[in-house]
Amino acid sequence: PWTRKFGDGFLQYFFSALEVISQEIAKYLPNIFIILLIIFITHYLLRAIKPFFTGLERENLVIHGFYPDWAKPTYNLLSLLIIALAIVIAFPYLPGFNSPAFQGVSVFLGVLFSLGSTSAIANVVGGIILIYTRSFQLGDKISIGDVIGDVIEKGLLVTRIRTPANRIITIPNSSLLNTNVINFSVSQREFKQPLILQTTVTLGYDLPWRRVHATLKEAALATEFIVSEPAPFVLQTSLDDFYVSYQLNAYTDHPSKMVYIYSELHQNIQDKCNEVGIEIMSPHYKALRDGNHSTIPENYLPEDYQSPAFGIQSNPQK
């Protein structure tokens, strides 16, 4: 009996609380309807614009100046903006929106996000700029500083590159905005013009330059993935004190294999020069080894080849 009064009071408080909750839910039903309507409109708006950007990506729909690779990121950005706008519109209809606790938590989270996401926002902005400047695409062979490799991931925050040694290098997008990016693939992909590979050989003035040009061109044409049209060509880039710099230029339509093409090209240059008796060496060193054995491999030298001897000639005083 001594707990009956407490029990009666507890039930009264309980039912009173249920009544208040029921009344608040009833008052909140219009807000729930508005939030559901906002979600409904947002969902079908996103579904309505998706076929438009799909057509742009597949080039079924063409807009002058709008590239197909812009379609997907533009759709993602527009979707993000539509969802953010829907959240802003629906925010005042959330339960407890006007309460001081709700407003205090919202301000705290906003300040925390602002202070902790400075670098992340910079990387996102950098990623968006890289998308619309079209500096590179997935699979492109690029050079960033001293890093050369293939682009395997292009995100809003970072870009990942795989080097020829299968090392994965992650570069923040904000850093790419302040760095020169050399793209070896864009010329072939977008302008249908093969990439020019260049390498330089320095040879002495005693060699006929026409003979050097012909030899270097033969070495280029003997290299796999070097095309014959346009034909390779040689430029004499400088006339130095002791030697001439010959720059070999050869075209390739496989920029992704440029590391291996360079290796084979250098091998062929050595072979072709050895076959015609051209020593690839600096005249500085040649002046110090007068009379020594030739540096050309034995299988390229004549069978009766003999190392020249040092010659000493006296000059009697007159």
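These numbers come from the heavy atoms of this one structure, side chains and all, not from hydrogens, waters or symmetry mates.
- Here the side chains of Thr200 and Leu248 are not in contact, with every heavy-atom distance at 4.5 Å or above.
- Remark: Phe33 CZ is loosely packed, at most 12 non-hydrogen atoms of other residues, nucleotides or ligands lying under 6.0 Å away.
- Residue Ile32 is grouped with residue Ile34 when hydrophobic side chains (ILVMFWY) are merged at heavy-atom distances under 4.5 angstrom, including chains of intermediate members.
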Inset, instruction - Before giving the answer on side chain to side chain donor-acceptor pair (under 3.5 Å), spell out for Asn173 and Asn123 the whole-Å C-alpha distance, their side-chain angles and the decisive distance to 0.1 Å. - result: CA-CA 5 Å; Asn173 288 333; Asn123 287 328; over 6 Å; no
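- In terms of heavy atoms, Ser238 sits closest to Asp240 at OG-OD2, 2.9 Å.
- The CG atom of Leu78 sits 7.5 Å away from the CG atom of Leu45 when rounded to the nearest 0.5 Å.
- Using a 4.5 Å heavy-atom threshold, the side chains of Ser143 and Phe184 count as touching.
- Looking only at distances, a side-chain donor or acceptor of Asn249 sits under 3.5 Å from a matching main-chain atom of Gln247.
- The aromatic rings of Phe40 and Tyr44 lie tilted to each other, with the angle between the two planes from 30° to 60°.
- The only member of Leu207, Val201, Thr215 that meets side chain to side chain contact (heavy atoms under 4.5 Å, CB included) when paired with Cys273 is Thr215.
- No side-chain donor-acceptor contact under 3.5 Å links Gln270 and Asn268.
- Sorted by first and then second residue, the pairs that involve residues 213-232 and meet ring pair (Phe, Tyr, Trp, His ring centres under 6.0 Å), not counting sequence neighbours, are Trp209-His213, His213-Tyr246, Phe225-His254.
- In this structure, Ser185 OG and Asp253 CG are separated by 11.5 Å, a value rounded to the nearest 0.5 Å.
- In this structure, the side chain of Asp140 engages the main chain of Gln137 through a donor-acceptor pair within 3.5 Å.
- Hydrophobic clustering (ILVMFWY, side-chain heavy atoms < 4.5 Å, transitive): Val147 and Leu138 are in one cluster.
- Ion pair Asp150/Arg162 not flagged as a salt bridge, since none of the NZ, NE, NH1 or NH2 atoms sits closer than 4.0 Å to an Asp/Glu carboxylate oxygen.
- Residues Pro172 and Val158 come closest through the heavy atom pair CA-CG1, 4.2 Å.
- Looking at Ile49 and Ile82, their side chains come closer than 4.5 Å, going by heavy atoms from C-beta outward.
- When the shell of 6.0 Å around CG of Asn180 is examined, it contains 12 or fewer heavy atoms from other residues, nucleotides or ligands.
- The shortest side-chain heavy-atom distance between Ile152 and Ile161 does not fall under the 4.5 Å cut-off.
- For the pair Pro68 and Glu59, the tightest heavy-atom approach, listed with the atom from each and the gap, is CG-CG, 3.6 Å.
- His266 places a side-chain N or O within 3.5 Å of a backbone atom of Tyr262 that can act as its donor or acceptor partner.
- Separating the CD1 atom in Ile129 from the CG atom in Leu176 is a distance of 11.0 Å, to the nearest 0.5 Å.
- In terms of modelled atom types and a separation under 3.5 Å, the side chain of Ser135 and the main chain of Leu130 share no donor-acceptor contact.
- Enclosure of atom CG in Asp146 is not indicated, since only 12 or fewer non-hydrogen atoms of other residues, nucleotides or ligands lie within 6.0 angstrom.
- Distance check: Ile196 CD1 to Gln198 CD gives 6.5 Å after rounding to the nearest 0.5 Å.
- Heavy atoms of other residues, nucleotides or ligands lying less than 6.0 angstrom from OH of Tyr132 number more than 12.
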Inset, instruction - Carefully, step by step, assess Thr159 and Phe136 under the rule side chain to side chain contact (heavy atoms under 4.5 Å, CB included). - result: CA-CA 10 Å; Thr159 297; Phe136 50 82; 3.8 Å; yes
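- Contact check on Arg134 versus Glu190 returns a salt bridge, with a Lys/Arg side-chain nitrogen under 4.0 Å from an Asp/Glu carboxylate oxygen.
- Remark: Lys257 NZ is loosely packed, at most 12 non-hydrogen atoms of other residues, nucleotides or ligands lying under 6.0 Å away.
- The 12-atom threshold is exceeded at OH of Tyr300, counting heavy atoms of other residues, nucleotides or ligands nearer than 6.0 Å.
- Atom OG1 of Thr252 is separated from atom CD of Gln188 by 8.0 Å, given to the nearest 0.5 angstrom.
- Atom CG of residue Leu203 and atom CZ of residue Arg211 lie 10.5 Å apart, to the nearest 0.5 angstrom.
- Considering only heavy atoms from C-beta on, Leu216 comes within 4.5 Å of Ile269 through its side chain.
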Inset, instruction - Any chance you could lay out the side chain to side chain contact (heavy atoms under 4.5 Å, CB included) test for Leu46 and Ile83, step after step, and finish with the verdict? - result: CA-CA 9 Å; Leu46 293 176; Ile83 294 173; 4.2 Å; yes
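- Under the 4.5 Å side-chain heavy-atom criterion for Ile, Leu, Val, Met, Phe, Trp and Tyr, Val212 and Val276 are members of the same hydrophobic cluster.
- Nearest heavy atom pair, residue Ser228 against residue Pro232, reads O-CD, 4.5 Å.
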Inset, instruction - Could you check Ile169 against Ile171 for side chain to side chain contact (heavy atoms under 4.5 Å, CB included), going step by step and ending with a plain yes or no? - result: CA-CA 6 Å; Ile169 299 178; Ile171 304 176; 4.0 Å; yes
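- A 4.5 Å side-chain heavy-atom check between Tyr251 and Phe233 finds at least one atom pair inside the cut-off.
- Transitive grouping of hydrophobic side chains (ILVMFWY, heavy atoms separated by less than 4.5 Å) keeps Ile87 and Leu37 in distinct clusters.
- No side-chain heavy atom of Tyr75 sits under 4.5 Å from any side-chain heavy atom of Thr54.
- In this structure, Ile128 is not a member of the same hydrophobic cluster as Leu177, with clusters built from ILVMFWY side-chain heavy atoms closer than 4.5 Å.
- Residues Thr223 and Leu221 fail the side-chain proximity criterion, which asks for heavy atoms closer than 4.5 Å.
- Thr179 contributes a side-chain N or O that, together with a main-chain N or O of Ser175, makes up a donor-acceptor pair within less than 3.5 Å.
- Shown here for Pro255 and Leu195, the closest heavy-atom pair between the two residues is CB-CD2, 3.9 Å.
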Inset, instruction - Test side chain to side chain contact (heavy atoms under 4.5 Å, CB included) on Ile39 and Ile35 and set out the steps. - result: CA-CA 6 Å; Ile39 294 174; Ile35 293 175; 4.1 Å; yes
